[in-house]
Amino acid sequence: MTNLIRIENISAHADQEVKIRGWVYNRTRKGKLVFLLVRDGYGFVQCVAFKGDLPEEIFEEIVRLTQESSVEIKGQVRADDRAPGIPGGFEIGITDIKVIQVADDEYPMSLKEHGTDFALENRHLWLRMPSQWAILRIRSTVVSAIREWLDDNGYINMDTPILTPAAAEGTTTLFGTPYFDEGTAYLAQTGQLYNEANIYAFQKVYCFGPTFRAEKSKTRRHLTEFWMVEPEVAFCDLDGIMEVEEQFVSHIVKRVLEDRAPELASLERDTTALEKVTPPFPRISYDKAVEMIAEIREQTDDPEEKALLAFEWGEDFGAPHETALTKQFEKPVFVYGYPTQVKAFYMEPWPDRPEVCKSVDLLAPEGYGEIIGGSERISDPEMLLQRIREHELPEEAYKWYMELRQFGSVPHSGFGLGVERTVTWMCGIHHIRETIPFPRTINRVYP
RNA sequence: UCCUCGGUAGCUCAAUGGCAGAGCGGGCGGCUGUUAACCGCUAGGUUGUAAGUUCGAAUCUUACCCGAGGAGCCA
């Protein structure tokens, strides 16, 4: 019985007869010699058939294979530097083949470049391409590294509701759906408020699930449905949560570098940039960041960039500001102490400086920008009530949230990390849409 | 919602007022080391839609539809 292997482990099977099951990704026919590039879901490997080595009918069957045909191949593994693939460096000399299906010859995905629209319209097939395969394998590792670190550091996974009664943060647009006799329910855009309840039972918690934002954002950094992990920690102030974040993010990067080296290589990701991601991360205040942006703006001669970088204290940073700022650093950088007026109602004011709050964003380097938003939450009941009134939020809807401050209130902090933005940065790619299997954007819900 | 760019063969694109083309992909043939192989032959078109200008429109004008990038907002 020949050993069924995964292509990712092929180096452990050098000079053995093995079996793989997969699909023909590409083929090159050279008369008496045929090269098949076969993928099995775990990797890509070149398989070679030579007419003289095989029975006539087997060779003819190989010649007739179309792209994406499903096959079971038996053969001899041998090291060969010429062999393409992921991981590559090994090929299989075919001794036998079982064709499961000869794929229709009108497979629409070319091995050459595609426009974004065509690629997204064919996302169900695009997933098979090496670039998309590599990105989504990295995504999976990011997700498990997230859970691994939190689970190993005393965090309890508490999944928060996706159907929620009202806006948690008030400002952004929500997706609504009819909900029996209760009127409209809204798809969650954060689990944070629920997690603030959960910490009083479990001390350190996280929720991890899809998040929905009906914003009309048409940029390469936005999806209407994306995944966010939100840790929340009791007895933790702003400095404490920054320490958590840098340990957490560094672990994710480390795990990806260890487990997904072939995928990073196939994406031509410069891993030296990722290797620098170790604690501590630089911390700069919003005030300082404003100064730095003004300085960068001063130094640029490009009138377009000068206009984009125009800024006044009190505003929130836009993408151009974040990009310019993060290019000054090799590691992710914390920006803390944003103006209270641009942040959510629940953020703890800075002592003796109420115009700023104890908020902190983590901006990924190389121009990628915000991947985490977090803060210390208001723990004082009077202060919270005052803020809810200032923001003209319905007090009745926040009754339970305010009760949390009546019974054993403690300083606590938390943050939300956007999975797709993190994966975009890890992979060094341009579009967030490639980092989720089936992206949902403002004008796409197919496939 | 606003700004910019785009829509021509299955895909990626060329043709800037005068015969609608190339490469890839498909089909047929050739080749024992290909790396997005290569070589020869071949099929493949309502140029996003509608109207207009013109002897003549893929090309110019207007409206609309669709998409992309960016702004705002955010992870």
Side-chain angles (χ1 to χ4, degrees), chain A residues 25-37 44 46-53 59 63-64 66-68 78 80-85 88 91 93 103-122 125-126 129-131 169-173 189-190 192 210-230 304 307-308 310 315-323 342-344 361-364 368-374 415-425 430-433 435-436 441-444:
Chain A
Y25 175 67
N26 195 10
R27 65 228 142 89
T28 304
R29 285 169 292 197
K30 286 187 53 67
K32 294 184 179 124
L33 188 62
V34 176
F35 297 97
L36 299 179
L37 192 59
F44 291 69
Q46 173 166 280
C47 301
V48 188
F50 176 51
K51 190 172 188 176
D53 295 343
F59 187 78
V63 167
R64 281 197 302 271
T66 52
Q67 186 185 352
E68 295 304 316
R78 53 187 181 237
D80 192 319
D81 289 341
R82 294 170 297 184
E91 65 181 21
D104 191 300
D105 59 28
E106 287 181 9
Y107 187 64
M109 299 303 285
S110 143
L111 300 183
K112 295 202 172 190
E113 292 298 311
H114 287 292
T116 313
D117 185 41
F118 180 84
L120 288 172
E121 195 69 16
N122 291 278
L125 304 175
W126 190 25
M129 308 288 283
S131 61
E169 299 190 24
T171 52
T172 34
T173 322
Q189 45 181 329
T190 173
Q192 180 206 318
T211 299
F212 306 90
R213 305 241 169 129
E215 295 158 359
K216 291 187 177 174
S217 298
K218 277 179 68 173
T219 84
R220 62 170 190 265
R221 298 178 309 282
H222 287 88
L223 297 167
T224 54
E225 178 182 311
F226 64 96
W227 284 66
M228 185 159 72
V229 58
E230 295 178 276
E304 199 178 330
L308 279 172
E315 296 174 334
D316 203 353
F317 298 128
H321 309 110
E322 287 183 2
T323 301
V342 299
K343 288 292 179 182
D361 286 356
L362 184 67
L363 311 182
Y368 279 95
E370 184 176 358
I371 54 170
I372 285 181
F415 63 92
L417 174 134
V419 169
E420 289 77 14
R421 284 189 180 178
T422 304
V423 175
T424 306
W425 165 48
H430 198 63
H431 292 87
I432 196 171
R433 292 173 174 84
T435 64
I436 187 166
T441 58
I442 175 170
N443 37 27
R444 181 175 297 284

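So that the names make sense, note that chain A is the first sequence line, chain B the second, and so on, each numbered from 1.
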Using a 3.5 Å distance criterion without hydrogens, assess whether the side chain of [X] forms a donor-acceptor pair with backbone atoms of [Y].
{"X": "A/R221", "Y": "A/R421", "result": "no"}
{"X": "A/H431", "Y": "A/T424", "result": "no"}
{"X": "A/E322", "Y": "A/E370", "result": "yes"}
{"X": "A/R27", "Y": "A/V34", "result": "no"}
{"X": "A/E420", "Y": "A/W227", "result": "yes"}

Starting at [atom1] of [X] and ending at [atom2] of [N], how long is that distance when rounded to a whole Å?
{"X": "A/L125", "N": "B/C11", "atom1": "CG", "atom2": "P", "value": "13 Å"}
{"X": "A/E315", "N": "B/C74", "atom1": "CD", "atom2": "P", "value": "12 Å"}
{"X": "A/H430", "N": "B/A68", "atom1": "NE2", "atom2": "C1'", "value": "11 Å"}
{"X": "A/K32", "N": "B/U34", "atom1": "NZ", "atom2": "P", "value": "17 Å"}
{"X": "A/Y107", "N": "B/G10", "atom1": "OH", "atom2": "C1'", "value": "13 Å"}
{"X": "A/I442", "N": "B/G69", "atom1": "CD1", "atom2": "P", "value": "12 Å"}
{"X": "A/F317", "N": "B/A71", "atom1": "CZ", "atom2": "C1'", "value": "17 Å"}

How far, in whole Å, is [M] from [N] if one measures between their [atom1] atoms?
{"N": "B/A9", "M": "B/G45", "atom1": "P", "result": "10 Å"}
{"N": "B/G56", "M": "B/C19", "atom1": "P", "result": "15 Å"}
{"N": "B/G6", "M": "B/U59", "atom1": "C1'", "result": "15 Å"}
{"N": "B/G7", "M": "B/U42", "atom1": "P", "result": "30 Å"}
{"N": "B/C2", "M": "B/A63", "atom1": "P", "result": "14 Å"}
{"N": "B/C65", "M": "B/A50", "atom1": "P", "result": "15 Å"}
{"N": "B/G48", "M": "B/G40", "atom1": "C1'", "result": "36 Å"}
{"N": "B/G23", "M": "B/U8", "atom1": "C1'", "result": "15 Å"}

*Would you say whether A/F35 stacks on B/G33? The test is a distance between ring centres of less than 5.5 Å and an angle between planes of less than 30°.*
no

Does the side chain of [X] get closer than 4.0 angstrom to OP1 or OP2 of [N] through an N or O atom?
{"X": "A/K218", "N": "B/G69", "value": "no"}
{"X": "A/R27", "N": "B/G25", "value": "no"}
{"X": "A/N443", "N": "B/G67", "value": "yes"}
{"X": "A/R433", "N": "B/G67", "value": "no"}
{"X": "A/H431", "N": "B/G69", "value": "yes"}

_Check this for me: A/D104, atom CG, are more than 12 non-hydrogen atoms of other residues, nucleotides or ligands nearer than 6.0 Å?_
yes

Need one value for [X]: base, sugar-phosphate or nothing, where a base atom within 4.0 Å counts as base even if backbone is also close, heavy atoms only.
{"X": "A/R78", "answer": "base"}
{"X": "A/Q46", "answer": "base"}
{"X": "A/K51", "answer": "nothing"}
{"X": "A/E370", "answer": "sugar-phosphate"}
{"X": "A/E91", "answer": "base"}
{"X": "A/L417", "answer": "nothing"}
{"X": "A/G115", "answer": "sugar-phosphate"}
{"X": "A/L37", "answer": "nothing"}

*Between A/T441 and A/T224, name the one whose nearest nucleotide on RNA chain B is closer to the 5' end.*
A/T441

*First of A/G52 and A/P108 reached from the 5' end of RNA chain B, by closest nucleotide*: A/P108

Picking from [options], which would you name as closest to the side chain of [X]?
{"X": "A/R421", "options": "B/A36, B/U34, B/C74", "result": "B/C74"}
{"X": "A/D80", "options": "B/A68, B/C73, B/G33", "result": "B/G33"}
{"X": "A/K30", "options": "B/C73, B/G33, B/A36", "result": "B/G33"}
{"X": "A/M228", "options": "B/A71, B/A75, B/G33", "result": "B/A75"}
{"X": "A/E215", "options": "B/U34, B/C74, B/U12", "result": "B/C74"}
{"X": "A/F118", "options": "B/U12, B/U34, B/G67", "result": "B/U12"}
{"X": "A/K216", "options": "B/G33, B/U1, B/A75", "result": "B/U1"}
{"X": "A/D105", "options": "B/G10, B/G26, B/A71", "result": "B/G26"}

Is [X] side chain donor-acceptor paired with the [N] base, going by distance under 3.5 Å alone?
{"X": "A/E121", "N": "B/G67", "answer": "no"}
{"X": "A/S217", "N": "B/C73", "answer": "yes"}
{"X": "A/R29", "N": "B/C38", "answer": "no"}
{"X": "A/H222", "N": "B/C74", "answer": "yes"}

_Does this structure show an ion pair linking A/R78 with A/D80, if we count only N-O contacts that are shorter than 4.0 Å?_
no

*Under 4.0 Å between a Lys/Arg side-chain N and an Asp/Glu carboxylate O for A/K32 and A/D53?*
no

*B/C5 pairs with, by Watson-Crick or G-U criteria that keep both distances under 3.5 Å*: B/G67

*asked:* Is there a side chain to side chain contact (heavy atoms under 4.5 Å, CB included) between A/T441 and A/L223? Walk through the geometry before answering.
replied: CA-CA 5 Å; A/T441 58; A/L223 297 167; 4.0 Å; yes

